[in-house]
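Presented below is the structure to which this report refers.
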Amino acid sequence: MKRILSKLVPEVPILVAAALLVTMPSLRGTARGLATVFPFTVVAAALLLGWRFNRSRLVFATALLALTEYLMLNGLDTQRDRLLFHATTFLLPINLALVALLPERGTLTPAGLLRWVLLGVQLVIVAFIAKAFPDKALKFLTTHILPARFTSWTPVQQPSIIAFVAIGVLLVLAWMREPQSPVRGYFYSLIAVFAALTWHTAGPGQEIWLATAGLILVIAVIEASYLMAYRDGLTELPGRRALNEALPRLSGQFTVAMVDVDHFKRFNDTYGHDAGDHVLRLVAARLAKAPGGGTAYRYGGEEFALVYPGKGQEECLPYVEELREMVETHRFTMRRRFRPRVKPKADKGRKSRQAIMITVSIGVAERNHRNTSPDQVVQAADKALYRAKEAGRNRVST
């Protein structure tokens, strides 16, 4: 349940709050007042964060949202206005996807200037088509692939709806592939953008929804910066900084277990660093499910830390031993691309996968009258770890 909620918060509550703000009659006055400052506040925050954290994608996305709001304020009275609206609804999700999926290249760098040029070229092409071929362009953008009754609830036409759905699926797939990437924010922002384009009720609904889309992107940048600082990108465990901040907050007794992957350097030298990273991710996945309620952290290199709040050393030892056995008995499967650098003399088969055994050494220490501070507990657990390695590895020492 906690994992599911982490994928919904804070974006879904923000979308729900925006929906309540623009639909509840008692909040209409608040919505009108907020619409006069909300968009400008979001734009200012986006530009500030984009400049301070060097997030060019946030700047480009904000520019797209601001341009969309400017075009929507013209209404849909004339054929030219309708054509611009439908062209915007078709091109906006595509541009947002390009912004989300392309790497950071700066705002005023050659790559960044090229993106500005491409955006300007789109505007020129749309303006030219609106003047030279308005009827044909409008007919294409309003084509009915399905019966019109299925989409009569929204002014967004079916080609644009298809573009939104396709881009949404693409962003979800990219999000699943890289859970820590800011693509997640662009997916939820796309929902807010579609709500803005669909909104046809009188009032500040469109401005609120577009500003909400920008707010979600701003929060995505803040969360990405937090994850970079406090979460290890390779294993997705909390990093050493998170451990250093968590330990002083513990009151009373606690136990720390330092975990080290045995012969990791030898493994790296044999199979390469990519295979080593693969092993670290697999071990981290086991540590994340540590029995006894321990919280796992990536300490550095091939070393991890487990923290057991409110538990003494003797109480934790059975859990730590169980964890060591879990790692030892699990056969980690190496993919075919991770081949030994030194080719074996005898090739006994052409197996696409190879099962190997990984073991860990663990040192355990608790807070007591000798180790009163968190640093002293970690140092004591680290010394116990070295004793475990000197005693032959693949064991727990105190």
Side-chain angles (χ1 to χ4, degrees), residues 1-10 179-180 223-262 264 277 279-330 332 358-368 371-386 388 394-398:
M1 179 61 69
K2 184 178 179 180
R3 190 171 183 179
I4 295 175
L5 288 176
S6 68
K7 298 184 182 301
L8 301 177
V9 177
Q180 294 189 23
E223 286 201 331
S225 301
Y226 171 83
L227 291 175
M228 288 176 61
Y230 290 93
R231 190 167 291 272
D232 177 60
L234 176 65
T235 63
E236 297 185 11
L237 293 177
R240 187 166 180 173
R241 178 178 293 184
L243 174 65
N244 292 338
E245 293 192 6
L247 287 176
R249 290 197 295 264
L250 296 177
S251 58
Q253 194 174 39
F254 65 88
T255 297
V256 174
M258 301 300 294
V259 183
D260 188 87
V261 180
D262 293 330
F264 185 73
D277 291 345
V279 167
L280 290 177
R281 283 192 291 265
L282 293 173
V283 172
R286 293 288 163 182
L287 296 179
K289 300 176 182 178
T295 302
Y297 297 85
R298 172 86 183 275
Y299 194 72
E302 67 271 24
E303 198 168 358
F304 300 86
L306 280 171
V307 179
Y308 291 90
K311 290 183 172 66
Q313 178 177 287
E314 295 301 321
E315 185 180 358
C316 294
L317 282 176
Y319 300 128
V320 175
E321 181 63 31
E322 181 183 348
L323 174 65
R324 185 199 62 78
E325 292 178 357
M326 285 171 54
V327 176
E328 180 186 18
T329 56
H330 180 81
F332 295 96
I358 300 295
T359 62
V360 294
S361 300
I362 307 176
V364 182
E366 66 178 358
R367 173 188 268 176
N368 52 34
N371 305 313
T372 57
S373 70
D375 289 340
Q376 289 175 330
V377 177
V378 171
Q379 291 174 8
D382 214 32
K383 291 178 181 178
L385 171 62
Y386 279 104
N394 190 26
R395 64 191 64 221
V396 177
S397 179
T398 59

message = Any heavy-atom pair between the side chains of L280 and V261 that's under 4.5 Å?
response = yes
Closest non-hydrogen atoms of G310 and E315, given as atom of the first, atom of the second and distance, are O-OE1, 4.5 Å
Counting N and O atoms only, with roles assigned by atom type, does the side chain of D232 sit under 3.5 Å from a partner on the main chain of G239, one being a donor and the other an acceptor? no
K311 side chain vs G292 backbone, donor-acceptor pair below 3.5 Å:
yes
Worksheet entry | Heavy-atom donor-acceptor pair, T235 side chain to A284 backbone, under 3.5 Å | no
**Prompt:** With a 3.5 Å cut-off and no angle check, do the side chains of S361 and D260 form a donor-acceptor pair?
**Reply:** no
Open item on the list: Are L243 and V307 packed together at the side-chain level, in the sense that at least one heavy-atom pair is separated by less than 4.5 angstrom?
Closed with: yes
Got a donor-acceptor contact below 3.5 angstrom from the E245 side chain to the A242 backbone?
no
Does a donor on one side chain sit under 3.5 Å from an acceptor on the other, for E366 and Y308?
no
How far apart are the C-alpha atoms of L385 and E303, what are their side-chain angles, what is the distance that settles it, and do they pass the side-chain contact (heavy atoms from CB on, under 4.5 Å) test? CA-CA 10 Å; L385 171 62; E303 198 168 358; 3.3 Å; yes
Keeping T255 on the side-chain end and Q313 on the backbone end, is there a donor-acceptor pair under 3.5 Å?
yes
Checklist entry - Is there a side-chain contact between P238 and R298, using heavy atoms and a 4.5 Å cut-off? => result no
Thinking salt bridges, do E328 and R324 make one under a 4.0 Å N-O criterion? yes
Any donor-acceptor pair under 3.5 Å from R367 side chain to T372 backbone: yes
* Will you find, in the side chains of Y299 and R240, an N or O donor that is under 3.5 Å from an N or O acceptor? -> yes
